[in-house]
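Have a look at the structure below, then the notes.
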Amino acid sequence: MASLVSHPDEVKVVSKRFGQGATKLDRYLELDGYKAVQKALTMEPDAIINEVKNSSLRGRGGAGFSTGMKWSFVPRQSAKPKYVLCNGDESEPGTCKDRLIFEHDPHAVIEGVMIAALAVGSQTGYIYIRGEYRYLSIIMQKALADAYARGFLGRNIFGSGRDLDIYWHGGAGAYEVGEESALMESLEGKRGIPRIRPPFPAVVGLWGGPTVINNAETLASVPHIILGGAEWYANLGTPKNGGTRLFCMSGTLAKPGVYELPMGYNLKKLIYDVSGGIPNGRELKAVVPGGSSTPVLLPHEIDIPMDFDSLAKAGSMLGSGGVVVLDDTTCIVKFALRTMKFYRHESCGWCIPCREGTDWLEKTLTRFHAGGGLKKDIDNIQYLSENMLGRTFCPLGDAAAMPTIAFVKKFRKEFEDHLEGKPCPFEKEGASVEPLPVLAHSGN
Ligand SMILES: Cc1cc2nc3c(=O)[nH]c(=O)nc-3n(C[C@H](O)[C@H](O)[C@H](O)COP(=O)(O)O)c2cc1C
Ligand code: SF4
């Protein structure tokens, strides 16, 4: 179980019940639990959607799409049942926030799914939790059972005459099933590979029915919006970036942890003030601002607000909120290799640019880091990554390519130093990675 950290600048909304015993239903009720859904039961679906739209809540799963807007795409009338899915697959390296919500406030997620279901006219929800989070699945299953036992779920919820079922579903350990359409395939009992879009899930989703899928943090934010009001929530953040965000601070930091801060909080402050700065007298070398798929920032680029638009302007992304800080002892080539190992392993193999591209990149980076690099490899790594961009069925290919392009662009000199350094200038005892033979395609 993760221990909780705290800082005076924190604005606790999603995390306000952390450490308060809110996994127990009675305690959750004492802490205003299930009040928002009872309020939502008195509202028209469009009024719920408008409230969420006006709050400027944007998806916390990575893409930052407007949640209210997403809900508004679901058709009012549908011959097929509609569904609400909570994406709790959380597997992006550097991201460890949804687990805290499941651990400390599972009913908030249930309540968020309920409100989304009322907004789009669905009677069925699923909470899909990453397979490795087995201990959290137990917490969630208990919370669901308690909500059923109290009549909050099932038939005639809160005596409203409406029926609503929510089920837990566990993943089997693939990062790819966090991608929304692959998650639906997985829920349907099939291999977790993505679907071609259009059609989009809001129209044709789970079992062909209109489907809303949102990240666990997104959904856990919704009850607070319904109770506190759109204006209050929007004003916590910056324009078009409402509310707060759980920032997962990891890497070489004095005080790593998950901190909840307003959207738009300054990244430099987040590193040096909130997270205690770089320990052991070392210097900052680079920051991965939003999970492993987001392009790296250099020290002179970190004086920026942490919101979706500012990060995009800086050539990166806010992504899933996983901030990974690297000090000057980090070998960027090795870091790029470690990142690529993950994406190669997690590629579902369905499309060639991703399946072959991640494999080539991993092999080339391995050889390069181990001292067998050729000068032309540097351009090849760049060329290969650029040719994966936008050419894959799902964004996992982009997620592998984007950080790699940034590593080469911003740390080219360090790649060149590896040619001199043989094998790695950062490893006194020699490279920790086995050298591989030069691949025939590396000269292309
Ligand atoms: C490879 C891949 C993995 C993803 N993993 C997750 C995940 O673990 N959790 C998540 O919420 N979104 C994940 N996403 C994003 C989802 O596809 C989707 O955009 C998100 O669940 C929408 O919720 P939101 O609008 O609340 O952010 C992933 C996307 C890709 C391409
Ligand atoms: S991009 Fe990768 S993960 Fe996505 S469909 Fe293609 S092979 Fe699978």
Side-chain angles (χ1 to χ4, degrees), residues 14 52 57-71 73 84-99 101-102 109 112-113 116 126-133 171 173-187 191-197 200-202 205-206 211-222 243 245-246 248 290-294 308 317-322 340 342-359 361 387-402:
V14 171
V52 176
L57 173 66
R58 291 168 68 169
R60 306 302 195 228
F65 195 77
S66 157
T67 305
M69 191 80 80
K70 185 185 272 190
W71 295 4
F73 295 153
V84 173
L85 312 183
C86 165
N87 189 342
D89 193 55
E90 185 161 80
S91 317
E92 173 110 346
T95 313
C96 50
K97 61 188 182 63
D98 297 342
R99 61 185 265 195
I101 304 174
F102 293 134
V109 179
V113 173
Y126 287 90
I127 297 176
Y128 188 107
I129 297 187
R130 173 188 173 154
E132 292 87 343
Y133 283 172
Y175 167 66
E176 176 56 10
V177 295
E179 194 282 331
E180 57 189 26
S181 64
L183 189 148
M184 289 173 209
E185 289 286 292
S186 162
L187 260 179
R191 186 178 156 206
I193 57 172
R195 295 174 178 174
I196 305 240
R197 277 149 295 178
F200 290 97
L206 188 67
T211 302
V212 154
I213 177 160
N214 277 121
N215 170 256
E217 184 187 352
T218 312
L219 289 163
S221 306
V222 167
R245 169 131 226 202
L246 295 174
C248 320
S292 60
S293 60
T294 60
F308 289 105
M317 292 187 303
L318 189 61
S320 54
M340 193 50 63
F342 172 79
Y343 286 109
R344 199 272 306 148
H345 183 261
E346 295 298 334
S347 166
C348 81
W350 190 31
C351 56
I352 293 164
C354 172
R355 184 185 66 221
E356 299 302 318
T358 53
D359 190 50
L361 284 169
N387 276 285
M388 286 163 67
L389 270 188
R391 292 189 171 88
T392 53
F393 285 137
C394 88
L396 190 143
D398 296 339
M402 285 182 307

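One-based numbering, in listed order, for ligands and for the atoms of each.
Counting heavy atoms from C-beta outward, Glu217 and Ile101 have side chains that approach closer than 4.5 Å. Between Val177 and Tyr128, the closest side-chain pair of non-hydrogen atoms falls below 4.5 Å. A 4.5 Å side-chain heavy-atom check between Arg58 and Leu318 finds every atom pair outside the cut-off. Contact of the Val14 side chain with the Lys97 side chain is not registered, since no non-hydrogen atoms from C-beta on lie closer than 4.5 Å.
Protein heavy atom at the shortest distance from atom 5 (S) of ligand 2 is Pro194 CG, 3.4 Å. In this structure, atom 28 (C) of ligand 1 lies nearest to the protein heavy atom Gly178 O, 3.4 Å. When only non-hydrogen protein atoms are considered, atom 1 (C) of ligand 1 lies nearest to Glu176 OE1, 3.4 Å. If you check which protein heavy atom lies closest to atom 8 (O) of ligand 1, you get Glu90 N, 3.0 Å. Taking atom 18 (C) of ligand 1 as the reference point, the nearest protein heavy-atom neighbour is Glu180 OE1, 3.5 Å. Looking from atom 7 (C) of ligand 1 to the surrounding protein, the closest heavy atom is Asn87 OD1, 3.6 Å. Atom 27 (O) of ligand 1 has as its closest protein heavy atom Gly61 N, 2.7 Å. Ranking the protein heavy atoms by distance from atom 3 (C) of ligand 1 puts Glu179 N, 3.6 Å first.
A side-chain contact (heavy atoms from CB on, under 4.5 Å) with Tyr126 holds for exactly one of Val84, Leu206, Val113, Leu183; it is Leu206. Among Arg130, Glu176, Glu132, the one residue that satisfies the side-chain contact (heavy atoms from CB on, under 4.5 Å) test with Asp89 is Arg130.
Near Ile213, meaning under 4.0 Å from one of its heavy atoms, ligand 1 places the atoms 22 (C), 23 (O). Of all the atoms in ligand 1, the ones that sit under 4.0 Å from a non-hydrogen atom of Ser91 are 8 (O). Listed by atom number, the atoms of ligand 1 under 4.0 Å from Arg60 heavy atoms are 26 (O), 27 (O). The distance from ligand 1 to the heavy atoms of Pro395 drops below 4.0 Å at these ligand atoms: 31 (C). Taking every heavy atom of Lys70 and a limit of under 4.0 angstrom, the matching atoms of ligand 1 come to 22 (C), 23 (O), 24 (P), 25 (O).
In terms of polar-atom proximity, defined here as any N/O pair under 3.5 Å, Asn215 does make such a contact with ligand 1. Note: no N/O pair closer than 3.5 Å links Asp98 and ligand 1 by distance alone. Close N/O approach between Ala216 and ligand 1 is not found [any backbone or side-chain N/O within under 3.5 Å].
Classification of the Tyr343-Tyr175 ring pair by plane angle, with boundaries at 30° and 60°, yields perpendicular.
Taking all atoms of both residues into account, the shortest heavy-atom contact from Glu90 to Tyr133 is OE1-OH, 2.7 Å.
A salt bridge links Glu185 with Arg195: the closest approach of a Lys/Arg side-chain nitrogen to an acidic carboxylate oxygen falls below 4.0 angstrom. Salt-bridge check for Glu179 with Arg197: passed, with a basic side-chain N closer than 4.0 Å to an acidic carboxylate O.
At a heavy-atom cutoff of 4.0 Å, ligand 1 is contacted by both the backbone and the side chain of Asp89.
Protein N/O/S atoms closer than 2.8 Å to atom 2 (Fe) of ligand 2, listed by chain and residue number, are Cys354 SG.
Note that CD1 of Ile129 and CG of Asn87 are 10.5 Å apart. Values are rounded to the nearest 0.5 Å.
Residue Glu217 places every heavy atom at 4.0 Å or more from ligand 1.
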